[in-house]
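Written below as structure tokens is the structure these notes are about.
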2 protein chains.
Amino acid sequence: MSEVESFFKSAFSVDNVIFGFDGGDLKILLIQRGAAPYKGKWALPGDLVYPNEDLDAAAARVLEQLTGLKEVYLEQVKTFGSVNRHPLGRVITIAYFSLIKISNYTVTPASFAQSSQWVNVSDVEDLAFDHDEILASCLARLKRKVRTAPLGFELLPPKFTLSELQQLYDSVLNLPKKLDKRNFRKKILSMGFLVECDEVQEGVAHRPAKLYSFDREKYEEFLNEGYVFDL
Amino acid sequence: MSEVESFFKSAFSVDNVIFGFDGGDLKILLIQRGAAPYKGKWALPGDLVYPNEDLDAAAARVLEQLTGLKEVYLEQVKTFGSVNRHPLGRVITIAYFSLIKISNYTVTPASFAQSSQWVNVSDVEDLAFDHDEILASCLARLKRKVRTAPLGFELLPPKFTLSELQQLYDSVLNLPKKLDKRNFRKKILSMGFLVECDEVQEGVAHRPAKLYSFDREKYEEFLNEGYVFDL
DNA sequence: TAATATGGTGTTAAAAATACAATAAGTCTT
DNA sequence: AAGACTTATTGTATTTTTAACACCATATTA
């Protein structure tokens, strides 16, 4: 094999850390591998990139096949390419994370075929390949990004309470001390892109909270006035 | 060709945005392409990744071949993989940036063979491939990173004046208003990891400035006490 | 020695971050 | 129906951080 040919004895894949938020916990969607290598192990959903497919498109495809969801927040994080990361050859992988509203998740043929499962981020361990490391990178990115861009809303239903929003931040950031309720509300409301719906929570055994939604137009105005999201 | 084979008709490269700081300006090192495609155009230095070479190693190799420098700051930024980004086939590229002390730069056989040149970042335009976009990503990353980690020092000689340091920040950040001299000094010195050398500038036609150096141990202490670099 | 150039230094006012606790509005139990 | 229970909602005082701002010092060169 010539040297030039040997450059083409390689492939690339995408792997996707799919985040969801449910029951107060940050979760990711894992699949159990049905074939070697790492048969039976839990892994991040991923696939080889098709020869004429863009990278972002490949990540979106993996996501859609597994969840049925399109047009979700998707962000490239880092590329992992250690020579020996894949037992069967030189395969580098481009890691993405995506944020979905877990309530929209439905079981698809793909997720049915390869058993898949939502797992609390804090419980994940011992994934196939270098996926533990990939998860760590994506989680670190999410922690940073969620403080500097209005990403949290991608994980919540369209209408949510401020307590739910705060819980989300608490579980993503996982800080030694929870955020202060009054200060959190003051700050997030002062940015002016959360609007009150004329609705309250239902079916809770206590005082129902007001529902809010994220107003993207008002967020754009906020940016145009030179402010930056910072939490 | 089988479908599986077609996955292996692809290659990956690294491209490196090599930043230097000289004469008050932020610069990058470009090479002029000697062969098609884009023959004669200016481009970021890069190369295909060898079959048994890690990605970071490939980026370091490209850098060393061009500059003779080892052990420089190197950071992966983003992977570019549009289907048609390379005219000759499917080549995705992993973009890195590196920070070098431009005074250490020497012409190497590689940089001699392919004409190379330092160019002010603000003057760069119309690079080969998607390199304009790659540069934009790396520059954005540098702007962010330089405020949250002590990277600036990688671009300066071991001993520098506070004015030089501020000039560096001014030219990297390129803000509408320059930083305030007194506030800048107060803040950077208060972090406690810059130490005065017992030396002053020489050969300047005005009052010579004190020289400082970055003390990495003190920086580690600073971190261990729970502080974070923030400028 | 005067002109010129950059180095070096402190204070004050404004804004932002933090710490902190009592009342309100529902449901559930008895 | 009263009381217990649970979470929602709201404001103030303190501390910390940021931002704005101007003059004298020290060297070289003409």
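Below, chains carry the letters A, B, ... as their sequence lines are ordered, and counting in each starts from 1. All figures in this text were calculated on a predicted structure; none of them were measured in a lab.
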- prompt: What integer distance in Å separates A:Lys181:NZ from C:dA17:P?
  reply: 21 Å
- prompt: Could a donor-acceptor pair under 3.5 angstrom be found where the side chain of B:Lys186 meets the base of C:dT11?
  reply: yes
- prompt: To the nearest 0.5 Å, how far apart are CZ in B:Phe97 and CG in B:Leu151?
  reply: 6.0 Å
field: Separation of atom CZ in B:Arg185 from atom C1' in D:dC21, rounded to whole Å
entry: 16 Å
- prompt: Tell me: CD of B:Glu202 to P of D:dT26, nearest whole Å?
  reply: 18 Å
query: Does any non-hydrogen side-chain atom of A:Val17 lie less than 4.5 Å from one of A:Val77?
result: no
- prompt: Which nucleotide in the list C:dA17, D:dT9, C:dT6 gets nearest to the side chain of B:His206?
  reply: C:dT6
message: Distance check, rounded to the nearest 0.5 Å: A:Phe19 atom CZ versus A:Lys27 atom NZ?
response: 14.0 Å
query: Is any side-chain N or O of A:Ser163 closer than 4.0 Å to OP1 or OP2 of D:dT7?
result: no
query: Are B:Glu225 and B:Lys218 close enough for a salt bridge, meaning some N to O gap below 4.0 Å?
result: no
- request: Would you please confirm or rule out a distance under 4.0 Å between OP1 or OP2 of D:dA8 and any side-chain N or O of A:Lys210?
  value: no
message: Tell me if the side-chain of A:Arg182 makes a donor-acceptor pair with the base of C:dA21, cut-off 3.5 Å, by modelled atom types.
response: yes
Per A:Ala205 side chain, nearest of listed nucleotides C:dG10, C:dT18, C:dC28: C:dC28
- prompt: Between B:Glu71 and B:Lys101, is there a salt bridge with N-O shorter than 4.0 Å?
  reply: no
field: Shortest side-chain distance from B:Asn183, nucleotide among D:dC21, D:dT9, D:dA27
entry: D:dC21
- line: Atom CD1 of A:Ile188 and atom C1' of D:dT10 are separated, to the nearest Å, by 17 Å
- prompt: Under 4.0 angstrom, heavy atoms only, what part of the nucleic acid is B:Lys187 near: base, sugar-phosphate, or nothing?
  reply: sugar-phosphate
message: From the set D:dA20, D:dT9, D:dA27, return the single nucleotide nearest to any side-chain atom of B:Arg207.
response: D:dA27
message: By the 4.0 Å heavy-atom rule, please label B:Val204 as base, sugar-phosphate, or nothing.
response: sugar-phosphate
field: Separation of atom CD in B:Gln167 from atom C1' in C:dG7, rounded to whole Å
entry: 13 Å
